[in-house]
Trainee: 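One structure coming up, written as C-alpha cells, with questions to follow.
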Amino acid sequence: MRKIFLNTMAYQFYIQNQNVIQEKLIEMIADHGFDGVELRREFFVNLGDELLASGKAAMSRGLTVFYSVPADLFCQGQLNPNLSLFIKEAELLGASRIKFGVGEFQGFTREIASSLNELMRDSPLRILVENDQTQARGTLSFLSSFIKEVGLYNVSIGLLCDVGNFYYAGEDTLKVIPKLIPYLEYLHLKNIDISQLKIQPCLKRGDIDLLKLLEEIDERVPVAIESMYEGNLEEINQAIQQDLNFLMKNDVQNSGSMIGGIL
C-alpha cells in the first residue's frame with residue numbers, strides 16, 4: 001500500500017488567517033486517514049516548543065513525520081552553514097526525512113561529501129532535495145547530473161520530485177519523472193493549469209494526469225498532497241478528504257517501476 005502524506009501547505013490559508021499552530025492540525029490530518037504529515041518550518045512560530053509538541057502529537061496518532069525546510073542544501077557551492085541546526089530541529093521533531101532545495105550546487109568534492117556524511121553518520125534522518133521552478137535547478141538535465149554525483153561520492157541524499165515545478169522550468173512532468181524513477185524517493189502532488197502555470201485547488205482539476213503518472217511509480221514511493229485550499233476550516237477539510245479519497249479510490253497504491261521504498 002502506498003503511503004500518503006499531507007503537506008501542511010494544504011492548511012496555509014487557515015494557518016495564516018486564524019494564527020493556528022501546526023500541532024493543532026495533527027488530529028485532523030490523522031482523522032482524514034493519512035499515513036504521515038510533512039510539517040513546514042516556516043509555519044512554526046516558537047520552534048523549540050512546537051517541534052517537540054508536534055512530533056509527540058504525530059507519534060501519538062501513528063503519523064510518520066517529514067520536515068520541510070525552506071532553505072537550500074548548498075550556498076555558494078558549500079554546504080549550508082545552518083545545516084546542522086536544521087538537522088537537530090528535524091531530530092527534535094522526530095522526522096525521518098528532511099527536505100531542502102538544492103541551491104547553489106557547484107559539484108561535490110571529497111571534503112564536502114566527507115563533511116555531509118560525518119554530519120549524518122549517527123542521524124536517523126535522510127536528506128531529500130527537491131526540484132525547484134527554475135531552469136537552473138529544476139530540469140531533468142540538472143537533476144540527473146546531481147544524482148549521478150551523489151552516487152559517485154556515495155552521499156546519503158535522495159530525490160523528491162514536485163510534479164508541478166517541472167512545468168515552471170519548461171519541462172513536461174509526464175516525460176521527465178519516468179526518467180528519474182530509479183532515484184525517486186518521494187513525490188509532491190498538485191495539479192496545475194499548464195497554460196497559466198496556476199496551481200489548482202484540487203487534484204482532479206488541472207492538466208496533469210496524476211493517475212497515469214502514479215501507475216508508473218512503485219507503490220513503495222510515498223506521495224504527499226501539496227494542494228493549497230481556501231475557505232473556512234470545514235470547506236478546507238472537505239476538499240482535503242476529497243483529494244485523499246480520489247487517490248485511494250483510483251487505486252494508485254499499485255506496483256509500478258523498480259525503485260525500492262524509503263519508509
Side-chain angles (χ1 to χ4, degrees), residues 3 5-12 14-16 18-30 34-105 112-132 137 150 155-162 185-188 222-226 228 262-263:
K3 302 293 185 182
F5 285 60
L6 185 71
N7 185 303
T8 52
M9 178 64 75
Y11 285 103
Q12 181 182 29
Y14 177 60
I15 290 171
Q16 294 179 343
Q18 301 296 325
N19 295 317
V20 175
I21 61 175
Q22 290 182 99
E23 178 193 353
K24 303 302 181 183
L25 305 175
I26 299 296
E27 288 293 324
M28 291 187 291
I29 293 170
F34 286 96
D35 300 293
V37 57
E38 183 177 344
L39 296 166
R40 302 181 69 92
R41 187 179 195 270
E42 67 268 31
F43 289 167
F44 286 113
V45 179
N46 298 305
L47 267 175
D49 294 337
E50 290 181 40
L51 286 169
L52 188 59
S54 296
K56 287 182 177 179
M59 182 180 296
S60 72
R61 291 302 307 267
L63 294 176
T64 301
V65 178
F66 288 179
Y67 188 39
S68 174
V69 178
D72 292 327
L73 184 60
F74 289 91
C75 300
Q76 298 181 338
Q78 300 298 314
L79 292 174
N80 189 312
N82 293 315
L83 182 57
S84 61
L85 170 64
F86 297 143
I87 296 298
K88 290 177 182 177
E89 291 173 356
E91 291 174 347
L92 184 62
L93 182 61
S96 59
R97 302 292 183 271
I98 183 169
K99 187 273 309 183
F100 298 99
V102 177
E104 299 168 325
F105 176 68
I112 290 175
S114 177
S115 295
L116 184 56
N117 286 334
E118 181 63 28
L119 179 64
M120 303 302 294
R121 184 181 304 279
D122 298 319
S123 175
L125 283 169
R126 181 163 173 81
I127 292 174
L128 301 179
V129 294
E130 181 179 27
N131 58 305
D132 66 18
R137 294 181 292 273
V150 166
V155 181
S156 182
I157 297 175
L159 180 64
L160 155 61
C161 283
D162 182 299
E185 297 190 11
Y186 186 37
L187 200 65
H188 276 172
V223 301
I225 295 175
E226 201 186 28
M228 293 184 287
I262 67 170
L263 291 183

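Computation of the quantities below employed the complete heavy-atom set of this structure, encompassing side-chain atoms and omitting hydrogens, waters and symmetry-equivalent molecules.
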Trainee: Quick one: closest heavy-atom pair of S96 and T64, and the distance?
Mentor: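 In this case the closest contact between S96 and T64 is OG-CG2, 3.8 Å.
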Trainee: Restricting to non-hydrogen atoms, name the atom on R137 and the atom on G103 that form the minimum distance, rounded to 0.1 Å.
Mentor: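 Closest pair (atom of R137, atom of G103, distance): CD-O, 2.7 Å.
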Trainee: Could you walk me through whether E27 and R61 satisfy the side chain to side chain contact (heavy atoms under 4.5 Å, CB included) test, starting with their C-alpha distance in whole Å, then the side-chain angles of each, then the deciding distance to 0.1 Å, before giving a yes or no?
Mentor: CA-CA 7 Å; E27 288 293 324; R61 291 302 307 267; 2.5 Å; yes
Trainee: Flag the pair E38 and K99 as a salt bridge only when some basic side-chain nitrogen lies within less than 4.0 angstrom of an acidic carboxylate oxygen.
Mentor: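 Judged by the 4.0 Å cut-off on N to carboxylate O distance, E38 and K99 do not form a salt bridge.
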Trainee: Taking all heavy atoms of V223 and all of Y186, pick out the closest pair and write down the distance.
Mentor: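 It is C-CE1, 4.0 Å.
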Trainee: Could you check Q22 against T8 for side chain to side chain donor-acceptor pair (under 3.5 Å), going step by step and ending with a plain yes or no?
Mentor: CA-CA 8 Å; Q22 290 182 99; T8 52; 2.7 Å; yes
Trainee: List the steps, then state whether side chain to side chain contact (heavy atoms under 4.5 Å, CB included) holds for F105 with L73.
Mentor: CA-CA 8 Å; F105 176 68; L73 184 60; over 6 Å; no
Trainee: Quick one: pull up NZ in K56 and CG in L92 and give me the separation to the nearest 0.5 Å.
Mentor: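 K56 atom NZ to L92 atom CG measures 9.0 Å (nearest 0.5 Å).
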Trainee: For N80 and A71, work out which heavy atoms get closest and say how close.
Mentor: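 Heavy atoms of N80 and A71 come nearest at ND2-CB, 4.0 Å.
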Trainee: Just verifying a value: how many Å separate E91 CD and Y67 OH, rounded to the nearest 0.5 Å?
Mentor: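 Atom-to-atom, E91:CD and Y67:OH are 11.5 Å apart.
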Trainee: What is the distance from atom OG of S54 to atom CG of L63, rounded to the nearest 0.5 Å?
Mentor: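 Here the rounded value is 11.5 Å.
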Trainee: Atom CD of E89 and atom OG of S84: how far apart are they, to the nearest 0.5 Å?
Mentor: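 Atom-to-atom, E89:CD and S84:OG are 10.0 Å apart.
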Trainee: List the atom of P70, the atom of R41, and the distance in Å for their closest heavy-atom pair.
Mentor: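 Here P70 and R41 meet closest at CD-CB, 3.7 Å.
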Trainee: Please name the residue in the list L83, L160, L128, D72 that meets the side chain to side chain contact (heavy atoms under 4.5 Å, CB included) test with F100.
Mentor: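 Among L83, L160, L128, D72, the one meeting side chain to side chain contact (heavy atoms under 4.5 Å, CB included) with F100 is L83.
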Trainee: Evaluate side chain to side chain contact (heavy atoms under 4.5 Å, CB included) for I127 paired with V155, printing each intermediate quantity in order.
Mentor: CA-CA 10 Å; I127 292 174; V155 181; over 6 Å; no
Trainee: Could you state the interatomic distance from CZ (R97) to CD (E185), rounded to the nearest 0.5 Å?
Mentor: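 It is 6.5 Å, given to the nearest 0.5 Å.
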Trainee: State, to 0.1 Å, how close Y11 and L6 come at their nearest heavy-atom pair, and which atoms those are.
Mentor: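 Where Y11 meets L6 most closely, the heavy atoms are CE1-CD2, 3.6 Å.
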Trainee: Quick check for you: to the nearest 0.5 Å, what is the distance between L119 atom CG and K88 atom NZ?
Mentor: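 Output value for this atom pair is 9.0 Å.
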